[in-house]
Amino acid sequence: MPELPECEAARRRIDAGALHRTIEGFDLGEVSHVELPSEDERARFVGTQFSRTHRHGKYIFVGSKDGPWLHIHLGMAGSVRVLEEGAELPDFIRFTVKFEGGNRLHFRDPRKFGLVRLVEDVDEFIADKGLGPDALEIGDNAFSETIGKTKGAIKSALLSQKKLAGVGNLWADEALYRTGIDPEAKANKLEAGKVSELHRAVRDILRAVVDTDATYSKLPDDWLIHHREDGDACTRCDGKITKKTVGGRTSYYCPDHQSGT
DNA sequence: TTTACTGTTAGGAC
DNA sequence: TGTCCTAACAGTAA
């Protein structure tokens, strides 16, 4: 379930279990339609160790010292886990890094929208992609400049990785729910104060989810994440949660307390 | 059997 | 040129 907090949780798992171990080799699962490093690229990692990780938005990087990085993108349904050699494997493992001593770093991706690739330079990669600032790092001025001046729907602006990297469908809905903004509201029609409030909500929500290691059951009951169903009672007013499509994405919101269109 | 899906991006409209 | 929007991607699960 990968947006920024899920990716951060994945990065931390990699930090905890996949660094400073010598890479022995790789295993590939059923990988039709999955982009993975080529045999030559994989060979460059064998015998080396990962020593650092980095995350920008939803993009995860695992780096060897002075060498290339392994970039992992989780797509719509991907995840990573570190397991002992011989542990029972979940289905849909597409790619495995084998370390001396037994640990395995697995990339699982049922839906095959994710990818793993070799990246020489992280900063260059981010620049080439045109990714905006990370959603946890961006300052209030930059947020207001990029998000607040967009002509289209505020939710579409939040989802644009070129404006702001890391926010996806679920946490965009959550932030708009908390701040009482209709997902279809025109971003450039919102009051400046409202845009700042939205920035704080995005930041606070992402931080809180990161703090739970992206375990949704640990999040407060009154968050929208637990009520994403047409007709559910709103937890902030007497309204009912309603489903509509904004920018091609399914959106849940409460028409009674979310306004701005 | 049908439908929806948490991300990204090419291509088209304006 | 830029900005915005839609559809499509592949496979699973409800």
Side-chain angles (χ1 to χ4, degrees), chain A residues 1-11 29-36 55-61 71-80 90-95 107-117 119 125-126 128-132 134-135 145-177 183-189 202 205-206 208-210 212-217 219 223-232 241-253 261:
Chain A
M1 301 163 254
E3 295 182 37
L4 184 152
E6 295 80 1
C7 295
E8 177 62 17
R11 188 192 67 77
E30 195 283 291
V31 295
S32 60
H33 300 99
V34 184
E35 181 183 338
L36 295 175
R55 181 195 54 72
H56 187 96
K58 306 171 191 172
Y59 292 72
I60 301 165
F61 306 88
H71 160 50
I72 300 173
H73 196 283
L74 300 176
M76 285 279 261
S79 59
V80 301
D91 289 339
F92 315 121
I93 300 292
R94 309 297 179 193
F95 188 73
F107 168 64
R108 176 178 187 269
D109 186 17
R111 228 175 135 188
K112 298 183 170 177
F113 278 103
L115 61 85
V116 180
R117 63 163 66 124
V119 165
F125 178 86
I126 291 168
D128 284 353
K129 279 271 172 204
L131 293 179
D134 184 84
E145 280 295 306
T146 51
I147 301 295
K149 293 198 170 163
T150 308
K151 293 174 189 157
I154 182 65
K155 174 161 175 184
S156 301
L158 289 175
L159 293 182
S160 166
Q161 303 301 299
K162 288 184 163 55
K163 298 189 201 313
L164 183 68
V167 178
N169 200 32
L170 298 184
W171 306 125
D173 276 1
E174 194 74 51
L176 294 166
Y177 181 74
E184 272 185 307
K186 302 295 178 202
N188 61 359
K189 297 289 169 55
V202 166
I205 286 166
L206 294 178
V209 183
V210 165
T212 68
D213 234 12
T215 308
Y216 296 177
S217 57
L219 296 169
W223 281 34
L224 177 65
I225 187 72
H226 302 301
H227 305 276
R228 295 178 66 83
E229 200 148 353
D230 218 7
D232 255 26
I241 302 301
T242 303
K243 176 176 163 174
K244 71 175 171 182
T245 301
V246 180
R249 317 290 299 163
T250 300
S251 308
Y252 292 91
Y253 79 118
T261 46

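Just so it is clear: chains get the letters A, B, ... in the order the sequence lines come, proteins before strands, and each one is counted from 1.
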Would A:Lys58 and A:Glu6 pass as an ion pair if we require N to O under 4.0 Å? no
Once you round it to whole Å, what is the distance between C1' of B:dT8 and CG of A:Leu115? 10 Å
How far, in whole Å, is B:dG11 from C:dA10 if one measures between their P atoms? 15 Å
Output the rounded distance in Å from CZ (A:Phe125) to C1' (B:dT8). 12 Å
Using a strict threshold of under 4.0 Å (side-chain N to carboxylate O), is an ion pair present between A:Lys112 and A:Glu35? no
Intra- and inter-strand pairs of DNA chain B in dot-bracket (Watson-Crick or G-U wobble, both distances under 3.5 Å; | for another strand): .||||.||||||||
Rounded to whole angstroms, how far apart are CD on A:Glu35 and P on B:dG7? 19 Å
Just checking, is any N or O donor in the side chain of A:Ser251 or A:Lys155 under 3.5 Å from an acceptor N or O on the other one? yes
Please state how far atom CD1 in A:Ile72 lies from atom C1' in B:dG7, giving the value in whole angstrom units. 16 Å
B:dG7 phosphate, OP1 or OP2, under 4.0 Å from A:Gln161 side-chain N/O: no
A:Met76 atom CE is separated from B:dT9 atom C1', nearest whole Å, by 13 Å
Spacing of A:His71 atom NE2 relative to B:dG7 atom P, expressed in whole Å: 15 Å
Using a strict cut-off of less than 4.0 Å between a Lys/Arg side-chain nitrogen and an Asp/Glu carboxylate oxygen, indicate whether A:Arg55 and A:Asp134 qualify as a salt bridge. yes
Expressed in angstrom and rounded to an integer, what is the separation of A:Leu164 atom CG from B:dG7 atom C1'? 15 Å
Does A:Lys163 reach the side chain of A:Thr150, with side-chain heavy atoms less than 4.5 Å apart? yes
On the six-membered ring of A:Tyr253, is A:Lys244 placed so that its NZ or CZ lies under 6.0 angstrom from the centre and within 45° of the ring axis? yes
If you check every side-chain atom of A:Tyr252, which of B:dC5, B:dG7, B:dT6 has the closest atom? B:dC5
Side-chain donor or acceptor of A:Arg111 under 3.5 Å from a matching atom on the base of B:dG7? no
Report which part of the nucleic acid A:Thr150 touches: base, sugar-phosphate, or nothing (heavy-atom distance under 4.0 Å, all strands). sugar-phosphate
Can you sort out the partners of A:Asp109 under salt bridge (charged side-chain N to carboxylate O under 4.0 Å, His left out), two or more places apart, ordered by chain and number? none
Counting just side-chain N and O atoms, does A:Arg249 come under 4.0 Å of either OP1 or OP2 of B:dG7? yes
Is the closest basic N to carboxylate O distance between A:Arg94 and A:Glu30 below 4.0 Å? yes
Close side-chain approach of A:Glu229 to A:Ile241, heavy-atom, < 4.5 Å: no
Looking at A:Tyr59, I'd like to know whether one of its side-chain N or O atoms comes within less than 4.0 Å of OP1 or OP2 on B:dT8. yes
First and last nt of DNA chain C near chain A, cut-off under 4.0 Å to heavy atoms, 5' to 3', are C:dC4 to C:dT12
What is the distance, rounded to the nearest whole Å, between atom NZ of A:Lys58 and atom P of B:dG7? 4 Å
Once the angle between the rings of A:Trp223 and A:Trp171 is folded into 0 to 90°, is it parallel (under 30°), tilted (30 to 60°) or perpendicular (over 60°)? perpendicular
Here's a test of your reading of the structure: between A:His73 and A:Lys243, which maps to the more 5' nucleotide of DNA chain B? A:Lys243
Classify the nucleic acid contact of A:Lys149 as base, sugar-phosphate or nothing, counting any heavy atom under 4.0 Å across all strands shown. nothing
Could you work out which one of B:dG7, B:dT9, B:dA4 sits closest to the side chain of A:Lys129? B:dT9
